[in-house]
Amino acid sequence: MFDRHLPRSGGRFRSVAAVALLTVAAGSPAQQAAMPSHADGLVTRDVSGWLQTSTPTGRIDKGGPFFQSLGSNGRSCNSCHRQAEGWTISAAEVRKRFTMTRGTDPIFRPVDGANSPLADVSTLAARTAAYSMLLDHGVIRVSLPVPANAEFKLTAVDDPYDYASAQALSLFRRPLPATNLIWDTAVMWDGRETYLAFKPPMDAGINVGDLRLSLASQALHAVLGHEQAALAPSQSTLDAIVGFELHLVTAQYYDNQAGLLNEDNGMGGADILALQKFWIGINDSLGNDPSLDPFDPKVMRLFDHWREPDRSRRLDPRSMARAAIARGQELFDSLPILITGVAGLNDATGQTVIRGTCGTCHDSPNIGNHSVAAPLNIGIADANRRTPDMPLYTLTNIKTGQVVRTTDPGLAMLTGKWADIGKFKGPNLRGLAARAPYFHNGSAATLRDVVDFYDTRFNIGMTEQQKSDLVAFLSAL
Ligand code: HEC
Ligand code: HEC
């Protein structure tokens, strides 16, 4: 009764007809080259294999407003949300686009593509410098003012691009995937486009109407902002955009080493993901699941059958790659992490140390986002992780005089609350391989960098083997 139902034409997500064609052996470059692109364009190449997007109709309609320029600068949603990059952008693809168009593709617009909206973009050299954050980290400049009622003041700005102020902080953020949205519990990194009437535990399930409202508001602001439209698009245009993106489901489908991810009882790929059970609060790690079921640390059950290959196949390279993915899944669910200093979690529960796992925060089964809107500060925006290309902001607490330095105040830019500084949502973890770099500011160039971040941040002490198994698993999501 808690399942979220979306109208899906035909009732079921159509499975990919080309599966038979894809069962060629993986591994050698020649065999990889033989991988056909799906006839309906639902499967695309990425760094470690093939990504699949599934839709109820079995095709992606590229004629809708998501793909049309609705404003004045030539951009569409598709400028920053591309199928082959998991419906966001990757820094590598953006660099290719820059080279091919000498920095004139519509994504390269000063308004929020450049390090500063005032940057000189008149020559190729000027554009190379002006768009360096987008080229290096795949980030867009989100501009937000310090809220009027904030508990803090902006007392110093160190902006290498000489633009940011209290009226307009420059916050460099990765576009979030415009797919797998039916499972979103917060819209945008800081949740600022979330209009959900969810109050745990009374309000079980999600009202898709609320999600549609959130996404329509998000799309409206994207057209007016990113696309620089003078006028708001019509409600029917917004409805068409939301209807389109809400029906996209995306996941890794094929791994260069492990082969088809839905073979031999594997449950990878978008068709299986589309059937995933979900409701707001499902498997909540703090016990707020409206179904009253306790938290099950086994969050991921995609590759349970790959742990022990048949005796006959134990040494076959594909079986070994599958076993690595299965070990990575097990680490995700069970490797102990002593969670400390995470605002939104340690303070909220009154526990200085929480003995958890990756799944404590990524608790939605087989999806990996946080199943409630629970913005957390895991330290990505902390001053000690700042690289010289990022602005650094000094915030002073008006009451206590306390000082914090951060590259992005996150949720605090909405609420004005001191306690919300540096909080961001726990994002969806499917389709990761196609969309490097990672974290809200693109500070982790690879999935290995993500794993290294956690190893350092929480003093886990992972072995090389554990790290590579985790990367194999994350790459297969
Ligand atoms: C110039 C690049 C750019 C363009 C163009 C763009 N977006 Fe985005 N999009 C972003 C960025 C950056 C974010 C994350 C911003 C944040 O969280 O502060 C984002 C976030 C989103 C999200 C939130 C997903 C989630 O899980 O929270 C959705 C949905 C989305 N965009 C849809 C659209 C649509 C629809 C359009 C076209 C009307 C569009 N975007 C145009 C850059 C862009
Ligand atoms: C204490 C909560 C917490 C724990 C534990 C945790 N994560 Fe995260 N994770 C987050 C939050 C919050 C973000 C977003 C942070 C940001 O960008 O500022 C995130 C982001 C990520 C991302 C980036 C996704 C993207 O789209 O950029 C990956 C990948 C990830 N986590 C994997 C893991 C793995 C693997 C583990 C275990 C080793 C883990 N997480 C443990 C809270 C957590």
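Both counts, for ligands and for their atoms, begin at 1 and track the order of listing.
In this structure, the protein non-hydrogen atom closest to atom 13 (C) of ligand 1 is P175 CA, 3.5 Å. Closest to atom 42 (C) of ligand 1 among all protein heavy atoms lies H226 NE2, 3.5 Å. Here the protein heavy atom with the shortest distance to atom 12 (C) of ligand 2 is F424 O, 3.7 Å. Of all protein heavy atoms, the one lying nearest to atom 24 (C) of ligand 1 is L176 CB, 3.6 Å. Among all non-hydrogen protein atoms, the one lying nearest atom 17 (O) of ligand 1 is W189 N, 2.8 Å. Protein heavy atom in closest approach to atom 20 (C) of ligand 2: F439 CE2, 3.4 Å. Remark: minimum distance from atom 23 (C) of ligand 1 to any protein heavy atom is reached at M188 SD, 3.7 Å.
The count of protein N, O or S atoms under 2.8 Å from atom 8 (Fe) of ligand 2 stands at 2, with waters excluded from the count.
For the residue pair N78 and S76, no side-chain donor N or O sits within less than 3.5 Å of a side-chain acceptor on the partner. Side-chain contact annotation: Q235 with D239, donor-acceptor N/O pair under 3.5 Å present.
Counting heavy atoms from C-beta outward, L171 and Y393 have side chains that approach closer than 4.5 Å. Counting only heavy atoms from C-beta outward, the side chains of M300 and F473 approach each other to under 4.5 Å. Within the 4.5 Å cutoff, side-chain heavy atoms of D190 are placed close to those of R173. With a 4.5 Å cut-off on side-chain heavy atoms, L248 and W87 count as touching.
Of all atoms in ligand 2, listed by their number and element, those nearer than 4.0 Å to a heavy atom of Y438 are 27 (O). Within ligand 2, the atoms closer than 4.0 Å to a non-hydrogen atom of I337 are 37 (C), 38 (C), numbered from 1 in the order shown. The ligand atoms of ligand 2 that sit less than 4.0 angstrom from a heavy atom of L376 are 2 (C).
Of the possible donor and acceptor atoms, one in the side chain of R97 sits under 3.5 Å from a partner among the backbone N and O of S79. R109 contributes no side-chain N or O that, together with a main-chain N or O of E227, makes up a donor-acceptor pair within less than 3.5 Å. Looking only at distances, no side-chain donor or acceptor of R448 sits under 3.5 Å from a matching main-chain atom of K467. A donor-acceptor pair under 3.5 Å links the side-chain atoms of Y438 to the main chain of L432, judged by distance alone.
Ligand 2 has at least one atom lying under 4.0 Å from a heavy atom of T357. Using a 4.0 angstrom heavy-atom cutoff, G113 does not count as in contact with ligand 1.
Here F439 and F424 keep their ring centres 6.0 angstrom or further from each other.
For the residues K467, R435, K423, R174, the heavy atom positioned nearest atom 25 (C) of ligand 2 is part of R435. Distances from atom 1 (C) of ligand 1 to the heavy atoms of G410, C77, C80, G71 show the closest one on C80. The residue from Q218, R109, R192, Q228 that puts a heavy atom closest to atom 29 (C) of ligand 1 is Q218.
Neither the backbone nor the side chain of I107 comes within contact range of ligand 1; no heavy atom lies under 4.0 Å. With a 4.0 Å cut-off on non-hydrogen atoms, K425 touches ligand 2 through its backbone and not its side chain. The residue I460 has no part lying near ligand 2, judged by heavy-atom distances below 4.0 Å. When heavy-atom distances to ligand 1 are checked against a 4.0 Å cut-off, L181 comes that close only through its side chain, counted from C-beta outward. Within the 4.0 Å heavy-atom criterion, neither part of H440 lies near ligand 1.
The shortest N or O to N or O distance between E245 and ligand 1 is not under 3.5 Å. Considering both main-chain and side-chain atoms, N428 never comes within under 3.5 Å of ligand 2 through any nitrogen or oxygen pair. At least one N/O-N/O distance between D184 and ligand 1 falls below 3.5 Å. The shortest N or O to N or O distance between R75 and ligand 1 is not under 3.5 Å. The shortest N or O to N or O distance between F458 and ligand 2 is not below 3.5 Å.
In this structure, the separation between CD1 on I280 and OG on S371 is 8.0 Å, given to the nearest 0.5 Å. In this structure, CZ on R405 lies 5.0 Å from CG on L392, to the nearest 0.5 angstrom. The distance from the OG atom of S334 to the NZ atom of K298 is 8.5 Å, given to the nearest 0.5 Å.
Between D382 and R457, none of the side-chain N atoms (NZ, or NE/NH1/NH2) sits under 4.0 Å from a carboxylate O, so this pair counts as no salt bridge. Salt bridge annotation for R45-E93: absent, with no cationic side-chain nitrogen under 4.0 angstrom from a carboxylate oxygen.
Ring geometry for F244 against F67 counts as perpendicular: the plane angle is over 60°, on a 0 to 90° scale with 30° as the lower cut.
The atom name of the N/O/S atom in H81 closest to atom 8 (Fe) of ligand 1 is NE2.
Judged as a side chain to side chain donor-acceptor pair (under 3.5 Å), and not counting sequence neighbours, the contacts of R386 are D158.
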